[in-house]
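So you know, we letter chains A, B, ... as the sequences are listed, proteins then strands, and number each from 1. What you see below is based on every heavy atom in this structure, not just the backbone, and it leaves out hydrogens, waters and symmetry mates.
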Amino acid sequence: MSELIFAIELAYWQQTLIKVLVAAVLIPTTALILGIVFLFKMMSWMQSRMGPQEAGPRGLLQLAADGLKFLQKEDIIPDRADRFVFKAAPVVVLASTFLTYVILPAGPDLIIENLPTGIFFAMAVSSLSVVGVLMAGWSSSNKYALMGGLRAGGQLIAYELPLILAVMGVVIQAGSLSMQDIVWAQADGSMFGFGGLGLPFVITQIVAFFIFMVAIQAELTQPPFDMPVAESEVVGGFHVEYTGFRFLFFFLGEFATAFAFAAIAATLFLGGWWVPGIDPNSALANIVGPIALFVKIMVVAFLIFWFRFTYPRFREDQLQRFAWKYLIPLALANITITGILVVVL
Amino acid sequence: MTVTDSQKMAYVAAQAADARVNLQFETEDGMTLNMGPQHPATHGTLRIVAQLDGEQVVRCEPIPGYMHRGYEKLCEVRTYPQVTTLINRIDWLGSFANEVPFILAAEKLMDVEAPPRAQVIRTILFELSRLGNISLFLGDLGIQLGGITIGFYAFRDREFVLNQIEAATGGRFHPNFDRIGGLKDDLPKGWIAETHRAMDRMRRLCDEFEELVLGNEIFQARTRGIGVIPADIATSYGMSGANLRATGVDWDLRRDACPPGLSYDLADWKVWTHPDGDSYARTWVRLQEVRESTHIVDQLLDSIPAGPIMAKVPRIIKVPEGEAWVATENPLGEMGYYVVSKGDLVPFRVKIRSASFNNISVVPWVTRGVFVPDVITIMASLYFILGDIDR
Amino acid sequence: MPKVPGMVKGLGVTFRTMVETLKPSGGPATVQYPHEKEEPSPRARGVIALHEENCTACMLCSRECPDWCIYIEAHKTLAPPRRAGGKPRQVNQLDRFAIDYSLCMYCGICVEVCPFEALFWSPEYEFSEVSIADLLHEKERLGEWMETVPDFEPYEAGSEAKGKKVPR
Ligand code: SF4
Ligand code: SF4
């Protein structure tokens, strides 16, 4: 808990305030980092370009400039839109992202709220965003937005299942739903009797890792699963009518969610904040932890965005077929085998 | 803002013009989706009206005409040298190829023939404009399908071809280089070697396209068996070019009916066909055509004969009375000009047959029952240039 | 050897390009425009330069221009005779020569038809203006472009075209 670091006893409301502030600062920052590093720089490099160069040193402030630009823009609401729902939708999407950050552990004591059902909570609140997306699609009174919203609805529901099933494998192996316990399980594990490296679950749960990566790609509506926002088909999908800071909300939500999912993947499969060689009980782990987690997140995010910039997109029905016919059976088989092995060994 | 009466009238008139399609579609069940005139997938201002049942297309109709510029009529008030600047802008990605059939038709009427050197260089530039055009198709197809990276690669390597066109003609997009009786100017020094290098780049782009897009399982799932056009349907709709060859019809005007004035017979090359007729086949045929084109250019570059670049033609061009029809295999398909002359400084009538108009006329037939994303794939793989549809 | 799936190959292509872009020997395909510039080829049709001394105000260019964007005004004057004791010649004195670049299609017909070698292409391309009216270049401005006109390139081997010279 945070009071351990500050060594001050804080009242509950003070703690909450600090946590809310941390999250409020953290989320736009993470979105900015991902946006700049991957969307601007890595994508440009992969496309033989240099990316933005003018704003700030080497163009690193470009996204901040863009954010400011969005704030200045006129806020347009379509004439026949359902105004309340239209305004509420981006907030719902962003709220789901905020809530996901609650259970992300960045060190042995650095966690906003160590829920005993952490990963379950994360899965639950992250699927809240589909409500926001549907609201946006429905209230815009635009056919493209409606199609995009419905596509997003179908897709997010279809991929929620393999996502959870993939997580189940990890949960069975760690024996806990708490994010912290999952990290500890990886730190305490051993490979063939050699405990120095611990046991990142990516080794035992490589199938689950694969399914998880595919599913979060779909959850994030990124290529090859970006039909809800496909530019060339539905012209941006559910956020086609949004301008200014409401669009910024969607944008922030998208990248902050990408960061959150990358963090969950890093925690579940790569050992989270834990670094081999550093005693997880020492105070040092609280300092190295966030850095280690950040590096691992960047690795996962690199994978996410690498797929994004390389692949063309599926068609909606192919995507559903892929989820129900291949991913879900595979995930179920993975759970079964994991369960048997855990019992046998 | 106050709306004037004339603005209101213009609006009503525009609405009335659309009324036919709208009525037809909206009186029936289901949802009508208007793609365009401003839609990212139409790269231009083509409007596609689709009647949907869920995401399935019940009926879909392309409505061209938003960019009609009246070329056939404009040509009647432009002298022959001025016409080439105009028709450059029909298929704006392969501009030089637009000039050639018109110039050949005028040459036919005047009974002059370009010297051999001019013919070979003309053929090379013709193929370069084909490369510039189709390489953009390769990139655009990726963009339409969501894989934007190949688009940037295509633009990157296409630059080398455009640079070569610019170095020879002075214009990257609108060369206006072909003249009745030859070419405007000879090639600058070092051009041949540079063009060989550009051809290497194009072949590299083809390899990258094959690895990044064509070989990708997702791409194949999106295109194989989608938008199948059988050979008899293709011929009855008057399709031409790679779209026709992808249905298995072995028909290429460069080989089968090459008009005098182009020297394709100097090179050793092959016409590619694919039996399937689906979106994948169209892409595959175009890719092979780019490869083949680079080989044609390479061979022709090494066999440019010495000699003059211009035949003897009068300074003020008056085309004798008569009519001529010349068609060539342009990047998008068969493009032809029917020129009627009354012995004036200007053509009396010009009829332009451009490939894209016929190629997209098959869209209502081929999009029945497909999904909305497939409409995009089919449109992208049919590959049209809006200027080539609307003229 | 088992076939590498196309999806893996695709990842290889993008990764290779990224490495290529970041390598000092490779670099991006783009140039950072206002800081670095690409050199257009000498034939590039950027802007038309007028060599005023050669122009006889014959109006050919203005007549042949497909969108009639060349404006020429001239009056007749008497020039001193070429030989001593001869009669004074009647010449056209150019009052105004302007090209409206907001209309020009850069087709090159005017340069081609000019019988007195008074018009030249310069590959200079940076003359955009805030106001569209400023794109009307009068003869002083057109004359200034003469400095940027490059020499004509020599021709490729086998050519019989005569080399041309730019008057300086
Ligand atoms: S380049 Fe063409 S359009 Fe421009 S002034 Fe000359 S003739 Fe007219
Ligand atoms: S054609 Fe040449 S000489 Fe005649 S008016 Fe034009 S620029 Fe002057």
Does A:Phe247 CZ have over 12 foreign heavy atoms under 6.0 Å away?
yes

Mind checking side chain to side chain contact (heavy atoms under 4.5 Å, CB included) for B:Ala221 and listing every partner two or more places apart, or none if nothing turns up?
A:Gln318

Looking only at atom types and distance, does a side-chain atom of B:Thr149 sit under 3.5 Å from a main-chain N or O of A:Gln47, one as donor and one as acceptor?
no

Tell me whether the count of non-hydrogen atoms from other residues, nucleotides or ligands lying under 6.0 Å of CZ in A:Phe210 goes above 12.
no

Restricting to non-hydrogen atoms, name the atom on B:Ile218 and the atom on A:Pro312 that form the minimum distance, rounded to 0.1 Å.
CG2-O, 3.6 Å

Per-residue contact mode, B:Arg156 against chain A (heavy atom under 4.5 angstrom)
side chain

Taking atom NZ as the centre, does A:Lys73 end up with more than 12 heavy-atom neighbours from other residues, nucleotides or ligands that are less than 6.0 angstrom away?
no

Where the side chain of A:Arg313 meets the backbone of B:Gln144, is there a donor-acceptor pair that is under 3.5 Å apart?
yes

Counting only heavy atoms not in B:Phe371, do more than 12 fall under 6.0 Å of its CZ?
yes

What part of B:Ile226 gets closer than 4.5 Å to chain A, counting heavy atoms only: side chain, backbone, both or neither?
side chain

Just how far is it from atom CZ of A:Phe314 to atom CZ of B:Phe219, taken to the nearest 0.5 Å?
13.5 Å

How many angstroms lie between CD1 in B:Ile150 and CZ in A:Phe309, if you round to the nearest 0.5 Å?
15.5 Å

For A:Leu134, the side chain to side chain contact (heavy atoms under 4.5 Å, CB included) test, sequence neighbours excluded, returns A:Leu150

Pick from A:Arg49, A:Arg308, A:Met46: which one has the most heavy-atom pairs with chain B under 4.5 Å?
A:Arg49

